[in-house]
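A quick write-up on the structure given underneath.
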Amino acid sequence: MLTNKTEMQRIEERLKDAIIRAAKELWQATIEGSAIQIQKTRREFDGDLTVVVFPLVRIAKCSPEETAALLGAYMEKNLDEISGYNVIKGFLNLGISASYWLQHISAVSGDAQYGIVQPGPDAPVVMVEYSSPNTNKPLHLGHIRNNLLGNSVSRIFEAAGKNVVKVNLVNDRGIHICKSMIAWQLFGNGETPASSGKKGDKLVGDYYVRFDQEYKKQVEALMAAGKDKKEAEESAPIMLGAREMLLKWEADDPEVRKLWETMNGWVYEGFDKTYARMGVSFDKIYYESETYKLGRQLVLKGVDDKVLEKDADGSVWADLTDRKLDRKLLLRSDGTSVYMTQDVGTAHQRFSEYPIEEHIYVVGNEQNYHFQVLSMVIEKLGFDWHDKLYHLSYGMVELPEGKMKSREGKVVDADDLMDEMVATAKQMSDELGKLGDYSEEEKNNIYRQIGLGALKYFILKVDPKKNMLFDPKESIDFNGNTGPFIQYTYARILSVLRSAGAYDQVIPAVSLNEKETDVIRLVHAFPEIVKTAAEEHNPSVIANFMYDLAKAFNQFYHDHSILNVEDADTRLFRIHLSAIVSSVIERGMGLLGIEVPERM
RNA sequence: GGUUCCGUAGCUCAGCUGGAUAGAGCAACAGCCUUCUAAGCUGUAGGUCGAAGGUUCGAAUCCUUCCGGAAUCACCA
């Protein structure tokens, strides 16, 4: 597909170029494009785009009104795309000609890649690490936010022309999984997912909870027997069992390793189902059991190079006091690694394996400090890619009663939530009864699309860095600013297109009404929106745009008939406009990982 | 206590690289289906943008201080 730069060059850029020329001709001044402010004209004024002329007043040496008037006259005379202008205070409102809009629509029509930059084979690699679950418990609402963000950001970067590599670093080792293992050994009676019919991750999660209950009981008993709290916590038999198991794991004890593999296997089977349902996937999965030793050599070399410090007890530290931070431990006195060390190692490995332009970590904001330090440590070690790490930090999902606590079972389970969403979608769909002649299978697929669409949109429309509230009692809406609203707009358009039958592919020249122009303006903005979403690492930019587009289309749809109009050209034009909107919706929702149904 | 982030309508959120009278949705109230899907559209009501200073022709937006909330500051991950 041709990307014809002059053809497709954003109208805003052309205006800027014209203003730069105008400044030269009218005022013999050279100005920077960045000094020019162009914005959408507010609804209450006439025009499409507005130039804020205040910054130009100084070089024009006349009042804002005069400056705007001079510039407006110049623009109208020299740019075909400008159909007229008006000046209100220091604002120059420019009207964009219908022919420009029509020409844009024609260029875009039928372009299944509109708004998307195809990554070339040598496009830079953007690595996105997300999900990164622990293997001791099922996924919950917090993980859903992580996965949806990671998946969507990956798609957005692909659409922005990058080669994206999605990776998952599974935390499959450590004391947490040993806790589930010891509890299973003690109380499991050989239960397996096959024997009890329980999903693997749920089964293992149940034993993690069981461990905690048992542990608390033992601590209480020990305290009742006269031990102080700390002592009791240290000596609870079940905790000692877990610790012993961890040591055996590290010593490659065959029996422990076998149990570990078995139970992790159950968890992965469960996770795979949840991932598949959420619609997320990975190009590569790393396991901490295979990577946790990475980084140690790099740290030891850092000691040799005198950029890191070794204390008398043998522990290794990065001194960050000159960066207004503390000292950070990298190797314990027994020589073992901490999380930070491993992250240094995995990053180093990845940067050696791929020509990475940017490495995005989708991790909650509780680890802001960790990633701040990570990049500093890497810089200390002398790697120039320390500034290519981007922590996509997102806020917590809070329940009305506060933070979720998985050990206490106070969580919104990912599978349960998806079930509920789909069930609600089914209930609503059945009440509306629009799917009468569909098979059960087709219907179920649509319920799934709508339910998950509602959930995904609900989460992705919020700015990632903000904490968000989820109230399980007030189920997620299907009306208003929601995923189903946008899906509905799409389904409606497809319904119209089905009725339209075959139509001419050439878009006729017609005059445009206000609602049509509103819609075209938004379609025109789509590529810029994708770019902004990528720059900001922010899917909510796409989500909010999708809503604006759907809303504008619905207004147009309400006010004007598409198929039942006298004028054949108008009818044809509206069919094309509708088709373009449907395809932008499909693509934009795709960037959010949301499917769109053909009927609903 | 140090650092970082957040505070916009009753609720959930946009707007934040400074620009015109601060926008949506939900909830409330009032309308619109003999015409392409009413999961839609229209209207009413709802705000000292946490507070106070400052910079500016202009501040929800930038700076400072304060108030409120969150996260973090482990030889945990």
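The chains referred to below are lettered A, B, ... by the order of the sequence lines, with proteins before strands, and numbering in each begins at 1. Just so we're clear, the structure is a prediction, and the values are computed from it rather than from any experiment.
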Problem set entry | N368(A) side chain near H391(A) side chain, heavy-atom distance below 4.5 Å |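 Yes. Closest side-chain heavy atoms under 4.5 Å.
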Problem set entry | Closest-nucleotide ordering on RNA chain B, the 5'-leading residue of V541(A) and N564(A) |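 Residue closer to the 5' terminus by nearest nucleotide: V541(A).
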Exercise. Start at the 5' end of RNA chain B and walk down; is the nucleotide closest to N538(A) or to S561(A) reached first?
Worked result: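 The residue closer to the strand's 5' end, by nearest nucleotide, is N538(A).
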Considering only the [atom1] atoms, how many Å lie between [N] and [M], rounded to the nearest integer?
N	M	atom1	result
C62(B)	U56(B)	C1'	10 Å
G23(B)	U8(B)	C1'	10 Å
A30(B)	A45(B)	P	15 Å
G10(B)	G47(B)	C1'	12 Å
A22(B)	C67(B)	P	30 Å
A60(B)	G18(B)	C1'	10 Å
G7(B)	C13(B)	C1'	13 Å
U48(B)	A9(B)	P	8 Å

With heavy atoms under 4.0 Å as the rule, sort [X] into base, sugar-phosphate or nothing.
X	answer
L432(A)	base
S429(A)	base
H560(A)	base

Taking only residues two or more places apart in sequence or in another chain, which ones pass salt bridge (Lys or Arg N to Asp or Glu O under 4.0 Å) with [X]?
X	result
K40(A)	none
K466(A)	none
E66(A)	none
R448(A)	E595(A)

Exercise. Can you tell me if T50(A) and N93(A) form a side-chain donor-acceptor pair at under 3.5 Å?
Worked result: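 N93(A) and T50(A) do have a side-chain donor-acceptor pair below 3.5 Å.
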For this session: Just compare G40(B), C6(B), G25(B) and give me whichever is closest to any side-chain atom of Y547(A).
Result: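 Of G40(B), C6(B), G25(B), G25(B) is nearest to the side chain of Y547(A).
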Problem set entry | Among A14(B), C36(B), G40(B), the nucleotide that comes nearest once only the side chain of R492(A) is considered |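 The listed nucleotide nearest to R492(A)'s side chain is G40(B).
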Seminar exercise, completed: Scoring nucleotides 70-77 of chain B by protein non-hydrogen atoms under 4.0 Å (B base, S sugar-phosphate only, - none) yields SSSS-BSB
Any salt bridge between [X] and [Y], counting N to O under 4.0 Å?
X	Y	result
E234(A)	K230(A)	no
D548(A)	R521(A)	no
D437(A)	R599(A)	yes

Identify the pairs formed between an N or O of the protein and an N or O of nucleotides 7-9 of chain B at a distance under 3.5 Å, and give each distance.
| unit_1 | atom_1 | unit_2 | atom_2 | d |
| --- | --- | --- | --- | --- |
| G7(B) | OP1 | K466(A) | NZ | 3.3 |

Return the value, rounded to whole Å, for the distance between atom [atom1] of [X] and atom [atom2] of [N].
X	N	atom1	atom2	answer
K531(A)	U17(B)	NZ	C1'	14 Å
D518(A)	C41(B)	CG	P	14 Å
M428(A)	U37(B)	CE	C1'	14 Å
L572(A)	C36(B)	CG	C1'	16 Å
Q372(A)	U4(B)	CD	C1'	7 Å
H558(A)	C32(B)	NE2	C1'	6 Å
R43(A)	U42(B)	CZ	C1'	14 Å
I486(A)	G25(B)	CD1	C1'	12 Å

Problem set entry | Sorted by number, the residues of residues 446-463 of chain A with heavy-atom contact under 4.0 Å to RNA chain B |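 Contacting residues: I450(A), V462(A), D463(A).
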Problem set entry | Residue-level proximity of residues 548-557 of chain A to RNA chain B when a heavy atom falls under 4.0 Å |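 Close to the strand are K551(A), N554(A), Q555(A), Y557(A).
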Under 3.5 Å donor-acceptor pairs involving side-chain atoms of residues 570-578 of chain A, not counting sequence neighbours:
| unit_1 | atom_1 | unit_2 | atom_2 | d |
| --- | --- | --- | --- | --- |
| T570(A) | OG1 | D567(A) | OD2 | 2.7 |
| R571(A) | NE | L563(A) | O | 2.9 |
| R574(A) | NE | E516(A) | OE2 | 2.7 |
| R574(A) | NH1 | S561(A) | O | 2.8 |
| R574(A) | NH2 | E516(A) | OE2 | 3.4 |
| H576(A) | NE2 | D504(A) | O | 2.7 |
| S578(A) | OG | R574(A) | O | 2.7 |

Under 3.5 Å: donor-acceptor pair, side chain of [X], backbone of [Y]:
X	Y	answer
T41(A)	D48(A)	yes
D311(A)	D313(A)	no
R145(A)	G364(A)	no
N134(A)	N136(A)	no

Might you list the N or O atoms of the protein lying below 3.5 Å from N or O atoms in nucleotides 18-22 of chain B, with each pair's distance?
| unit_1 | atom_1 | unit_2 | atom_2 | d |
| --- | --- | --- | --- | --- |
| G19(B) | N7 | Q37(A) | OE1 | 3.3 |
| G19(B) | N7 | Q37(A) | NE2 | 3.4 |
| A20(B) | OP2 | R42(A) | NH1 | 3.2 |
| A20(B) | N6 | T50(A) | OG1 | 3.0 |
| A20(B) | N6 | N93(A) | OD1 | 3.0 |
| A20(B) | N1 | N93(A) | OD1 | 3.4 |

Exercise. Pairs in or reaching into residues 421-432 of chain A: which pass salt bridge (charged side-chain N to carboxylate O under 4.0 Å, His left out), with residues at least two apart or in two chains?
Worked result: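 Non-adjacent pairs meeting salt bridge (charged side-chain N to carboxylate O under 4.0 Å, His left out): K426(A)-D430(A).
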Exercise. Taking the six-membered ring for Trp, are W249(A) and Y292(A) parallel (under 30°), tilted (30 to 60°) or perpendicular (over 60°)?
Worked result: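 W249(A) vs Y292(A) ring planes: tilted.
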For this session: Compute the centroid of each ring, for F556(A) and then for F553(A), and state whether the two points are separated by less than 6.0 Å.
Result: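 That pair passes the under 6.0 Å test.
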Exercise. Does N479(A) have a side-chain nitrogen or oxygen under 4.0 Å from the phosphate oxygens OP1 or OP2 of G40(B)?
Worked result: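 The answer is yes; a side-chain N or O of N479(A) sits under 4.0 Å from OP1 or OP2.
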Exercise. Is there a ring-ring contact (aromatic ring centres under 6.0 Å, His included) between Y390(A) and F371(A) once you walk through the steps?
Worked result: CA-CA 8 Å; Y390(A) 181 93; F371(A) 283 98; over 10 Å; no
Exercise. For RNA chain B, what dot-bracket results from Watson-Crick or G-U pairs at under 3.5 Å, with [ ] for crossers and | for inter-strand partners?
Worked result: (((((((..((((.....[...)))).(((((.......))))).....(((((..]....))))))))))))....
Problem set entry | In C16(B), glycosidic geometry as syn within 90° of 0 or anti otherwise |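 Nucleotide C16(B) adopts anti.
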Problem set entry | Step-by-step salt bridge (Lys or Arg N to Asp or Glu O under 4.0 Å) determination, K465(A) to E536(A) | CA-CA 11 Å; K465(A) 71 170 177 284; E536(A) 295 182 5; over 6 Å; no
